[in-house]
Amino acid sequence: MTTRLEHNAADTRYEIYIDDTLAGYADYAEREDTKVRDFNHTVTFPEFRGQGIAGKVVKFALDETRTAGYTVLPTCWYVDKYIAEHREYADLLAG
């Protein structure tokens, strides 16, 4: 089983593939003027649930967002919960 993580900038989302099948994604809306990414929706397809897919794609998204110099507005409950449980990402929260 291979896992691939990608930033699909054209669709403003981060995607995770398991054996070349899209398993889930984290959508965002980008505010270029303030360098904020509003993560508003995280999806794991039913056949991939229970495997930590959402956590993997959100971690990747947050790491890439930090590298790109953006802060995060976690309107998605899962992203909000992930940041609360992984305090190393607390500095990314938009003020």
Side-chain angles (χ1 to χ4, degrees):
M1 183 166 74
T2 60
T3 301
R4 186 175 82 245
L5 292 151
E6 292 184 1
H7 181 195
N8 181 342
D11 289 335
T12 59
R13 69 185 193 181
Y14 287 88
E15 301 170 337
I16 185 166
Y17 293 84
I18 305 297
D19 291 334
D20 293 323
T21 300
L22 183 64
Y25 57 87
D27 280 330
Y28 66 89
E30 194 168 271
R31 300 178 192 163
E32 187 63 41
D33 58 326
T34 56
K35 299 285 279 184
V36 174
R37 286 187 177 153
D38 176 357
F39 283 90
N40 49 44
H41 194 63
T42 303
V43 172
T44 301
F45 295 112
E47 61 271 28
F48 295 101
R49 291 187 182 146
Q51 300 177 40
I53 298 296
K56 289 175 186 173
V57 76
V58 168
K59 179 186 183 326
F60 178 71
L62 294 175
D63 288 341
E64 291 276 310
T65 295
R66 173 179 279 138
T67 299
Y70 284 80
T71 57
V72 171
L73 180 62
T75 56
C76 168
W77 71 268
Y78 186 85
V79 175
D80 187 49
K81 179 180 178 246
Y82 188 91
I83 292 172
E85 292 175 355
H86 298 86
R87 299 308 297 162
E88 65 270 26
Y89 293 105
D91 63 305
L92 288 176
L93 294 171

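The salt bridge (Lys or Arg N to Asp or Glu O under 4.0 Å) check on R49 picks up nothing, with sequence neighbours excluded. Partners of T12 according to the side chain to side chain contact (heavy atoms under 4.5 Å, CB included) rule, which considers only residues two or more places apart in sequence or in another chain, are Y28. With sequence neighbours left out, D33 forms a salt bridge (Lys or Arg N to Asp or Glu O under 4.0 Å) with no residue at all. Checked against salt bridge (Lys or Arg N to Asp or Glu O under 4.0 Å), D80 has no partners two or more places apart in sequence or in another chain. Remark: D38 engages T75 in a side chain to side chain donor-acceptor pair (under 3.5 Å) (not counting sequence neighbours). Residues forming a side chain to side chain donor-acceptor pair (under 3.5 Å) with Y25 (at least two apart in sequence, or on another chain): none. Evaluation of the side chain to side chain donor-acceptor pair (under 3.5 Å) rule for T65 yields R37 as partners, not counting sequence neighbours. For the salt bridge (Lys or Arg N to Asp or Glu O under 4.0 Å) test, no residue two or more places apart in sequence or in another chain qualifies with D19. N40 meets the side chain to side chain donor-acceptor pair (under 3.5 Å) test with no other residue; sequence neighbours excluded. Residues satisfying the side chain to side chain contact (heavy atoms under 4.5 Å, CB included) criterion with K59, sequence neighbours excluded, are D63, Y82, Y89.
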What's the verdict on side-chain contact (heavy atoms from CB on, under 4.5 Å) for L73 and R31, showing C-alpha distance, side-chain angles and the deciding distance?
-> CA-CA 10 Å; L73 180 62; R31 300 178 192 163; 3.7 Å; yes

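The side-chain heavy atoms of I83 and L92, taken from C-beta on, include no pair separated by under 4.5 Å. Using a 4.5 Å heavy-atom cutoff, the side chains of T44 and Q51 are not in contact.
In terms of heavy atoms, F39 sits closest to A26 at CD2-CB, 4.3 Å. Of all heavy-atom pairs spanning I18 and A23, the tightest one is CG1-CB, 3.7 Å.
Legend: ring pair (Phe, Tyr, Trp, His ring centres under 6.0 Å) pairs involving residues 54-77, not counting sequence neighbours, sorted by first then second residue: Y14-F60. Pairs of residues two or more places apart, or lying in two chains, that qualify as salt bridge (Lys or Arg N to Asp or Glu O under 4.0 Å) and include a residue from residues 5-16 are R4-E6, R13-E15.
Atom CG of D27 is separated from atom OG1 of T42 by 8.0 Å, given to the nearest 0.5 angstrom. Note that the CD1 atom of I16 and the CZ atom of F45 stand 12.0 Å from one another [nearest 0.5 Å].
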